[in-house]
Amino acid sequence: MTDYNLIFGAVLLFNIAVTFRASSYYKKYFPSPNDSTKNTSSEETSSVAQSEELAPLSGDSFRDNDKEKGDVDLEHGSDPPADSTAVNAASDNAANIRHAQLLRKYLIVYLLAALSDWLQGPYVYALYDAYGYSQHDIAVLFVAGFGSSMVFGSFIGGMADQCGRRKFIILFAIIYALSCMTKHFKSFSILMIGRLLGGVATSLLFSVFEAWLIGAHASAGLMSHIGKAFSTAQYGNSIIAIVAGQIANKAANHAEFKPFSEDSGFYTGGYLGPFDLSLLALILCGLLASALWDENYGETTADNDDNEKAKSSASGALKKAYHTTISNPDILSCGIISSLFEGSMYIFVFMWTPALTALAKEELGDEFEGLPFGVIFSTFMVCCMAGSSIFSIAMEKLKPEQLAVTVFGVAAFAFAMIVFSASATSSFLAMNLFEMCVGMYFPSMGTMKGMIVPEDKRAAIYNLFRIPLNFIVLFSLLTDLTPRVSFILCGTMMVVATLLQMKLRARRIGGGK
């Protein structure tokens, strides 16, 4: 019999260990020789750092060439002078302060958006079922949502690049809030409208937020910190997922699910509680984005400025994004790889419950009383947190292109373990291994896309990446594949992703040497 609580405890201890290793506290108490040198230089230039610390967050003042003065000396074969090293250390300290300020602004808004999404996720199917709809009707609603994300997402990203990403993040909050409001109505047509709105909002959530973050880092001269930003966001997202699960559970049981009045099609209470909390989170998300964030756009070069104005329509932006993606093998590889991995992730979300349930029933027979879904979900999220910390540790020695090869290879191995596993325990351990890969994947891919995808078409191209992803998800929804066959499909996609990533690594860093 699988001891899920024991596995959760072990995973939690492992997460604490790797989180400490990835933190600044580890470097403080266990400094490397290089860290000691930096600390000495920092102390010598504390007054310089303190003066730069007061500088505002502006893009023109701070670029990624902060270390140019020292680099010139190195190019000529001489050691940088002590005062140059001190200035570089002070510049690094000031950059760290600016990055912390920027990251706080981003996380406040992004984590509210993530909270709104996690609150809804576990209760969408349950709410439709409570309204009395058949499994076929519910499947139609889900397909409509993913179809909406695929169709509208193909061009809405280009509009965000041109009109302003902050504006479209506020628009995301409005659209998703309207989707939450439709959940109060039993009418199938109104629920369908809500699913269509939700599909558009999902496209914005998984593209425009990331595009804004990269654009803000680029304009502030902080692109060297982008990997840390994605790792922190992924870690926070996992924490939010666990908290949201607990809050949503209490909200769903807070009041009775019933119509507002007799013969009314408007319902309150029950499974609607999480959606009402999500609505509040979205209102806060939109207001804080408006108050805290600066606007940024897909930057264009002066040579192409007139051409950009001539093709400022949504269709023109989509065509340009498509042409750029097809003509650049690195961008195309990123799109295919991200679709394969995230498609596998969605299939995994659909299939882990029936797979574990079947194995547990086979092992326990009549003694089976159900799975502890709360503990299992929490374990998965802690594994994601551990994965994001492992990414931070690995980035001390590896480039994201190198790490991603390992991530996809281990994910393929995890799916092979699930396919050939004969027990719930081994299958669950393999699932946790895949979740760690998920935690490493998002900061790795986010960093790679930040370096590869052109800024002027970023959100548009990110939404193009989601088209094949939605095809994969729709395929899994519209077919009756067994969990085992689904996991075989996932493993195959991970093998393909590994091979494509190896080619991408070879093109960008010469095979990883």
Are side-chain heavy atoms of [X] and [Y] found at a separation under 4.5 Å?
X: Leu340; Y: Leu500; value: yes
X: Met431; Y: Thr379; value: no
X: Tyr176; Y: Asp117; value: yes
X: Ile242; Y: Met385; value: yes
X: Asn237; Y: Tyr110; value: yes
X: Ile461; Y: Pro454; value: yes
X: Leu222; Y: His225; value: yes
X: Leu489; Y: Phe415; value: no

State whether a side-chain donor-acceptor pair under 3.5 Å links [X] with [Y].
X: Tyr271; Y: Asp129; result: no
X: Ser149; Y: Thr202; result: no
X: Ser134; Y: Asp137; result: yes
X: Tyr462; Y: Arg458; result: yes

| message | For Cys334 and Leu504: C-alpha separation, side-chain torsions, deciding distance, then whether side chain to side chain contact (heavy atoms under 4.5 Å, CB included) applies. | response | CA-CA 8 Å; Cys334 273; Leu504 178 62; 4.2 Å; yes
To the nearest 0.5 Å, how far apart are [atom1] in [X] and [atom2] in [Y]?
X: Leu464; Y: Thr324; atom1: CG; atom2: OG1; answer: 9.5 Å
X: Met159; Y: Leu204; atom1: CE; atom2: CG; answer: 9.5 Å
X: Leu277; Y: Leu119; atom1: CG; atom2: CG; answer: 6.0 Å
X: Met150; Y: Leu469; atom1: CE; atom2: CG; answer: 10.5 Å
X: Gln501; Y: Ile336; atom1: CD; atom2: CD1; answer: 12.0 Å
X: His217; Y: Ser224; atom1: NE2; atom2: OG; answer: 8.5 Å

| message | Between Trp118 and Leu115, is the side chain to side chain contact (heavy atoms under 4.5 Å, CB included) condition met? List the steps. | response | CA-CA 5 Å; Trp118 284 115; Leu115 175 64; 5.6 Å; no
Donor-acceptor pairs under 3.5 Å, side chain of residues 248-260 to any protein atom, not counting sequence neighbours: which ones?
from   : atom 1 : to     : atom 2 : distance (Å)
Asn253 : ND2    : Asn249 : O      : 2.7

| query | With respect to Pro400, which candidate in Lys449, Met440, Met451 satisfies the side chain to side chain contact (heavy atoms under 4.5 Å, CB included) definition? | reply | Met451
| message | Can you confirm whether Lys399 is buried at NZ, in the sense that more than 12 heavy atoms of other residues, nucleotides or ligands lie under 6.0 Å from that atom? | response | no
| message | I'd like to know whether CE of Met192 has more than 12 heavy-atom contacts from other residues, nucleotides or ligands below 6.0 angstrom. | response | yes
[X] side-chain N/O to [Y] backbone N/O, donor-acceptor pair under 3.5 Å:
X: Thr19; Y: Asn15; answer: yes
X: Tyr131; Y: Lys183; answer: yes
X: Arg166; Y: Asp294; answer: no
X: Glu295; Y: Lys167; answer: yes
X: Asn296; Y: Trp212; answer: yes
X: Gln120; Y: Ser116; answer: yes
X: Arg195; Y: Ala144; answer: no
X: Ser290; Y: Gly286; answer: no
X: Lys503; Y: Leu499; answer: no
X: Ser148; Y: Leu196; answer: yes

Do the two ring centres, one from [X] and one from [Y], sit under 6.0 Å apart?
X: Tyr133; Y: Tyr128; value: no
X: Phe442; Y: Phe230; value: no
X: Phe8; Y: Phe377; value: no
X: Phe475; Y: Phe471; value: no
X: Phe185; Y: Tyr267; value: no

Please find the pair of heavy atoms, one from [X] and one from [Y], that lie closest to each other, and give the distance.
X: Cys163; Y: Phe168; answer: CB-CE1, 3.7 Å
X: Phe341; Y: Ala411; answer: CE1-CB, 4.2 Å
X: Val485; Y: Leu481; answer: CG1-CD2, 3.9 Å
X: Ile240; Y: Ala114; answer: CG2-C, 4.1 Å
X: Ile418; Y: Ala430; answer: CG1-CB, 3.6 Å
X: Leu371; Y: Thr357; answer: CD1-OG1, 3.4 Å

| field | Pair Phe152-Ile175, side chain to side chain contact (heavy atoms under 4.5 Å, CB included): steps then yes or no | value | CA-CA 13 Å; Phe152 291 103; Ile175 292 174; over 6 Å; no
| message | Give me each pair satisfying side chain to side chain donor-acceptor pair (under 3.5 Å) with a member in residues 337-353, each pair once, sequence neighbours excluded. | response | Glu342-Tyr441
| Residues Glu455 and Arg165 bridged, charged N to O under 4.0 Å | yes
| query | With the threshold set at 4.0 Å, does a side-chain nitrogen-carboxylate oxygen contact exist between Asp161 and Lys457? | reply | no
| request: Apply the test side chain to side chain contact (heavy atoms under 4.5 Å, CB included) to residues Ile347 and Met493: give CA-CA distance (whole Å), side-chain angles for both, the deciding distance (0.1 Å), then the verdict. | output: CA-CA 11 Å; Ile347 293 174; Met493 290 193 289; 4.0 Å; yes
| said: Ser231: which residues meet the side chain to side chain donor-acceptor pair (under 3.5 Å) condition with it, sequence neighbours left out? | reply: Ser392
| request: Can you spot which of Phe434, Tyr4, Phe348 makes a ring pair (Phe, Tyr, Trp, His ring centres under 6.0 Å) with Phe380? | output: Phe348
